Chemist: 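There's a structure below that I have some questions on.
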Amino acid sequence: MTDQDTEAAAATDTDASAAQQAIRRQAERIKARELRQAYNRLEADSSVSTPEKAILDAMATAIVDEVVAAPVSVLDRADAYDDDTVETALELFDPTDE
């Protein structure tokens, strides 16, 4: 492996890692937004207790973990570290979309 190959592999690893982080951040933003909306709707009808909020938070976290598991796993695999894979993952989970 040449120095150029090593540098290219390191750059792709960084891109894949950055893509994983961007996907997770976007998923967390969506989770927070949806939880806020759910709390507001629930509290319009009645108050939501702390234990109920904990249950909703745990459910939302479990859903997010399941949704991002596949793309993060693909980006984890060494043979998947190519620009097309990273770009596709980012397009699917558009981290710039609010």
Side-chain angles (χ1 to χ4, degrees):
M1 182 178 250
T2 68
D3 287 342
Q4 188 175 17
D5 292 336
T6 303
E7 288 174 16
T12 306
D13 287 353
T14 301
D15 292 343
S17 178
Q20 288 174 322
Q21 291 172 2
I23 289 168
R24 285 189 173 118
R25 279 192 307 271
Q26 177 64 356
E28 288 298 322
R29 281 192 294 269
I30 293 168
K31 178 180 91 172
R33 181 187 68 216
E34 294 302 319
L35 280 171
R36 262 192 321 275
Q37 290 175 356
Y39 295 154
N40 289 339
R41 285 189 299 248
L42 290 168
E43 288 174 349
D45 293 330
S46 64
S47 69
V48 181
S49 70
T50 300
E52 290 169 330
K53 284 183 179 182
I55 290 169
L56 289 172
D57 287 342
M59 180 189 67
T61 297
I63 291 169
V64 165
D65 289 347
E66 288 292 323
V67 169
V68 301
V72 167
S73 175
V74 167
L75 292 170
D76 270 339
R77 285 182 274 194
D79 61 336
Y81 286 170
D82 62 71
D83 291 341
D84 290 338
T85 301
V86 172
E87 287 176 26
T88 300
L90 288 173
E91 285 174 16
L92 290 171
F93 287 88
D94 189 2
T96 61
D97 184 28
E98 295 285 329

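Note that this is a predicted model, so its numbers are computed, not measured. Scope of the values below: all heavy atoms of this structure, side chains included, with no hydrogens, waters or symmetry mates.
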Chemist: To the nearest 0.5 angstrom, please state how far the NZ atom of K53 sits from the OG atom of S47.
Modeler: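 Between K53 NZ and S47 OG, I get 9.0 Å after rounding to 0.5 Å.
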Chemist: Any side-chain donor-acceptor pair under 3.5 Å between S17 and Q20?
Modeler: no
Chemist: Can any side-chain N or O of E66 pair as donor or acceptor with the backbone N or O of I63 at less than 3.5 Å?
Modeler: no
Chemist: Scan side-chain atoms only and decide if Q21 and R24 contain a donor-acceptor pair under the 3.5 Å cut-off.
Modeler: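 Judged by distance alone, the side chains do not pair up.
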Chemist: Is E28 paired with K31 through a side-chain N to carboxylate O contact shorter than 4.0 Å?
Modeler: yes
Chemist: Between I55 and L35, is there shared hydrophobic-cluster membership here, with clusters defined by ILVMFWY side-chain heavy atoms closer than 4.5 Å?
Modeler: no
Chemist: How close do A19 and V86 get, counting heavy atoms only, and between which atoms?
Modeler: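 Shortest heavy-atom separation between A19 and V86 comes out as CB-CG1, 3.7 Å.
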Chemist: Applying salt bridge (charged side-chain N to carboxylate O under 4.0 Å, His left out), which residue pairs with at least one partner in residues 55-64 are found, sequence neighbours left out?
Modeler: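 Applying salt bridge (charged side-chain N to carboxylate O under 4.0 Å, His left out) to every pair that reaches into residues 55-64, excluding sequence neighbours, yields nothing.
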Chemist: As an exercise, state the distance from CZ of R29 to CD of Q26, rounded to the nearest 0.5 Å.
Modeler: 4.5 Å
Chemist: Can you list the residues that meet the salt bridge (Lys or Arg N to Asp or Glu O under 4.0 Å) rule with E34, with sequence neighbours excluded?
Modeler: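 Here no residue qualifies.
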Chemist: Grab the two heavy atoms, one from V68 and one from I23, that are nearest each other, plus how far apart they are.
Modeler: CG1-CG2, 3.8 Å
Chemist: Shortest non-hydrogen contact from L56 to Y39?
Modeler: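 Answer, listing the atom of L56 first, then Y39: CD1-CE2, 3.6 Å.
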